Amino acid sequence: MSIQPLKILVTGDVAGKFDQLFNRVRNVNKKAGPFEMLLCVGDFFGVAASAQAEWKKYQDGEEKVPMPTYILGANKVEHLKFFAEPNGCEIAENVTFLGKKGTFTGTSGLQIAYMSGIEQEDAAIKEPHHFNKADVDALGMPLVSDSKFRGVDVLLTSQWPLGVAKYASPPDGINVEGLQSTGSASVSDLVLALRPRYHFAGMEGCFYERLPYRNHKVLAEGARHVTRFLALAKVGNKEKKKYLYAFNIIPMNKMEKEELVKQPQDVTECPYSWSERKQQEQQRPDMSNQYFFSTGQHGQGSGHRGRGRGHKRSHEGQRMPRKPPKPTGPCWFCLASPQVEKHLVVSVGTTTYLALAKGGLVPDHVLITPIGHYQSTVDLPQDVISELEQYKTALRKLFKSEGKTCVIFERNFRTQHLQIQVVPVKFDSMMVDIKDVFLEHAESHKLELNEIPRHSDLKQIVSVGAPYFYVELPNGDKLLHRVKKFFPLQFGREVLASSEILDMTERADWKACDVSKEEATDMTAVFREKFNKFDFNAADDDDED
């Protein structure tokens with residue numbers, strides 16, 4: 001089956017013209033969508049009173065942002081006040097500040113790298129909106145040190161790379177002399193190392209779609225994918241230059257190499273060469289392990305690379321896995337805790353484990369939970385998320401073999417340890433639309449349960465510490481409720497126990513379903529036996545024998 005490409009929108013400097021942008025996005029999405037997300041480069045905020053008044057409407061929820069929107073940080077001192085959290089956070093519903101630098105990967109596998117701000121010019125003066133060579137190295141090193149690294153799908157920077165127009169026609173509105181000083185040499189170095197398939201930038205007030213360029217030396221290196229650079233104009237500019245760009249992309253990790261490295265007819269040579277500071281660092285033998293630009297790489301980023309992959313979202317480029325926080329008191333779900341009910345444990349992985357739910361709705365109602373103490377999915381490092389997804393896949397395969405499907409939900413409200421609830425339901429062609437049942441029950445409780453894009457990453461939508469309820473439906477749809485004050489603790493069970501789905505309303509409260517330890521132990525053994533052939537941990541054990 002062919003893989004459907006993702007549809008993405010990108011905009012240049014918004015400069016506080018939020019109504020104009022979001023109205024345009026809404027119309028484009030209606031005519032040509034649906035689009036997965038909107039990416040913003042350049043200045044997002046404006047300092048005029050009218051711009052701040054417009055923003056307040058979206059911040060307070062009076063106006064809605066039409067799709068998940070991701071923005072870069074400040075490029076000016078006067079914009080710093082809008083970015084209280086330097087490592088990124090949700091600043092309004094559907095608007096996420098990515099952070100100073102980092103990468104994130106959605107559930108689709110699309111990998112986006114980003115660098116906020118402008119390059120530091122004076123070595124003695126570094127403002128919060130500046131980046132320097134250490135920032136560029138911290139972003140690039142975890143990626144290029146992986147022997148399997150081929151590049152990133154998208155790179156977002158506000159500044160242009162220096163020298164981008166070499167071997168191509170210059171952009172309209174910038175003369176040749178101006179081009180020689182337009183952009184950042186460090187951004188050029190970053191582009192050489194990361195090899196993005198698309199690179200977007202803003203700030204120069206013009207639209208420029210450069211011819212695609214190679215990321216390899218012809219005849220000297222194996223073929224690699226090309227890079228397309230696009231600069232976008234300011235929203236609402238008087239010259240009506242293009243500020244909104246739509247494109248389709250299949251994530252690199254979903255493509256065959258032959259298709260990925262196809263060279264278009266108008267491809268040019270790479271316009272960049274390593275900056276002077278990089279060349280100087282290559283000549284310092286004692287600096288070989290400090291920066292990724294100093295690892296003996298030449299040309300288009302070739303050279304020695306070590307092992308290891310970073311988190312999907314790594315703001316500071318660090319490689320060490322994050323240790324889970326310690327619980328503030330007794331925890332019933334930390335596997336090392338004396339309070340945990342180990343007779344319910346079905347399978348134990350490296351970072352997560354699977355257990356039968358205490359007082360489950362049905363005999364095969366299970367929980368996926370991290371071994372360490374994490375409160376929600378949003379808190380999880382990438383290695384834990386990856387294993388959690390493996391358990392989901394294994395459970396779906398098991399239930400499918402039994403003629404069932406499953407509903408997966410999480411309540412991050414009045415809990416201290418993450419529990420992913422997985423409840424099987426009988427698959428039936430006449431089965432009611434489970435999404436409609438959830439929406440109807442939400443409406444009866446006066447809860448705002450919204451559908452979010454199937455390929456969205458929850459960590460990019462919800463801030464760490466924010467309470468929420470999240471559900472994944474059998475057809476791939478996802479629903480999210482942001483808890484504000486009140487939320488019924490048994491909501492997920494209540495919906496599934498309703499007459500429309502499992503028809504066991506008397507089991508909505510888990511306390512009414514609890515059984516003796518002996519009976520629970522027997523139920524766990526039965527489930528463990530049938531899950532065993534789908535358990536990736538059991539497969540690993542077999543390989544070692």
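Quick caveat, the model's predicted, so the values are computed rather than measured.
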Should we say atom [atom1] of [X] is surrounded by more than 12 heavy atoms from elsewhere, each under 6.0 Å from it?
| X | atom1 | result |
| --- | --- | --- |
| Lys342 | NZ | yes |
| Glu529 | CD | no |
| Glu85 | CD | yes |
| Lys57 | NZ | yes |

- Item | Derivation and outcome, ring-ring contact (aromatic ring centres under 6.0 Å, His included), residues Phe18 and Phe44 | CA-CA 9 Å; Phe18 306 110; Phe44 185 71; 5.1 Å; yes
Whether [X] side chain and [Y] backbone form a donor-acceptor pair below 3.5 Å:
| X | Y | answer |
| --- | --- | --- |
| Ser116 | Gly99 | yes |
| Thr415 | Asn412 | no |
| Thr103 | Ala113 | no |
| Ser463 | Ala466 | no |
| Arg195 | Thr227 | no |
| Glu451 | Asp477 | no |

When the side chains of residues 246-259 are checked against the rest of the protein, which donor-acceptor pairs come out under 3.5 Å, sequence neighbours left out?
from	atom 1	to	atom 2	distance (Å)
Lys254	NZ	Ser108	O	2.8
Glu259	OE1	Lys262	NZ	3.1

State, with a plain yes or no, whether a side-chain heavy atom of [X] is found less than 4.5 Å away from one of [Y].
| X | Y | result |
| --- | --- | --- |
| Arg197 | Arg228 | no |
| Pro196 | Val191 | yes |
| Leu6 | Leu110 | yes |
| His417 | His373 | yes |

- Query: Glu494 and His441: side-chain donor and acceptor closer than 3.5 Å?
  - Reply: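 Distance-only check passes for Glu494 and His441.
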- Please assess Ile91 against Phe82 for the test side-chain contact (heavy atoms from CB on, under 4.5 Å), listing each intermediate value before the final yes or no. CA-CA 9 Å; Ile91 57 176; Phe82 298 108; over 6 Å; no
- Does Glu472 have any salt bridge (charged side-chain N to carboxylate O under 4.0 Å, His left out) partners at least two apart in sequence or in another chain, and if so, which?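 Only Lys392, Arg396 meet the salt bridge (charged side-chain N to carboxylate O under 4.0 Å, His left out) criterion with Glu472.
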Is the distance from the ring center of [X] to that of [Y] below 6.0 Å?
| X | Y | answer |
| --- | --- | --- |
| Phe469 | Phe491 | yes |
| Tyr353 | Tyr391 | no |
| Phe104 | Tyr70 | yes |

- Message: For Ile371 and Cys334: C-alpha separation, side-chain torsions, deciding distance, then whether side-chain contact (heavy atoms from CB on, under 4.5 Å) applies.
- Response: CA-CA 6 Å; Ile371 292 172; Cys334 288; over 6 Å; no
- Can you list the steps and then say if Val425 with Ile434 is a side-chain contact (heavy atoms from CB on, under 4.5 Å)? CA-CA 10 Å; Val425 295; Ile434 296 177; 4.2 Å; yes
Check this for me, if you would: do [X] and [Y] make a salt bridge, where the nitrogen-to-carboxylate-oxygen distance has to be below 4.0 angstrom?
| X | Y | result |
| --- | --- | --- |
| Arg493 | Asp509 | no |
| Glu448 | Lys64 | yes |
| Arg528 | Asp535 | no |

- Item | Partner of His481 by ring pair (Phe, Tyr, Trp, His ring centres under 6.0 Å), out of Phe486, Phe487, Phe438 |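 With His481 as partner, ring pair (Phe, Tyr, Trp, His ring centres under 6.0 Å) holds for just one option, Phe487.
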- Item | Pairing residues for Ser158 by the side chain to side chain contact (heavy atoms under 4.5 Å, CB included) criterion, not counting sequence neighbours |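 Side chain to side chain contact (heavy atoms under 4.5 Å, CB included) check on Ser158 returns Leu72, Asn75, Met203.
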- Message: On a heavy-atom basis, which atom in His225 and which in Leu260 lie closest, and how many Å separate them?
- Response: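 It is CB-O, 3.5 Å.
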- Message: Less than 6.0 angstrom from the centroid, inside 45 degrees of the normal: does Lys7 satisfy that with respect to the ring of Phe35?
- Response: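 Ring-cation test returns yes.
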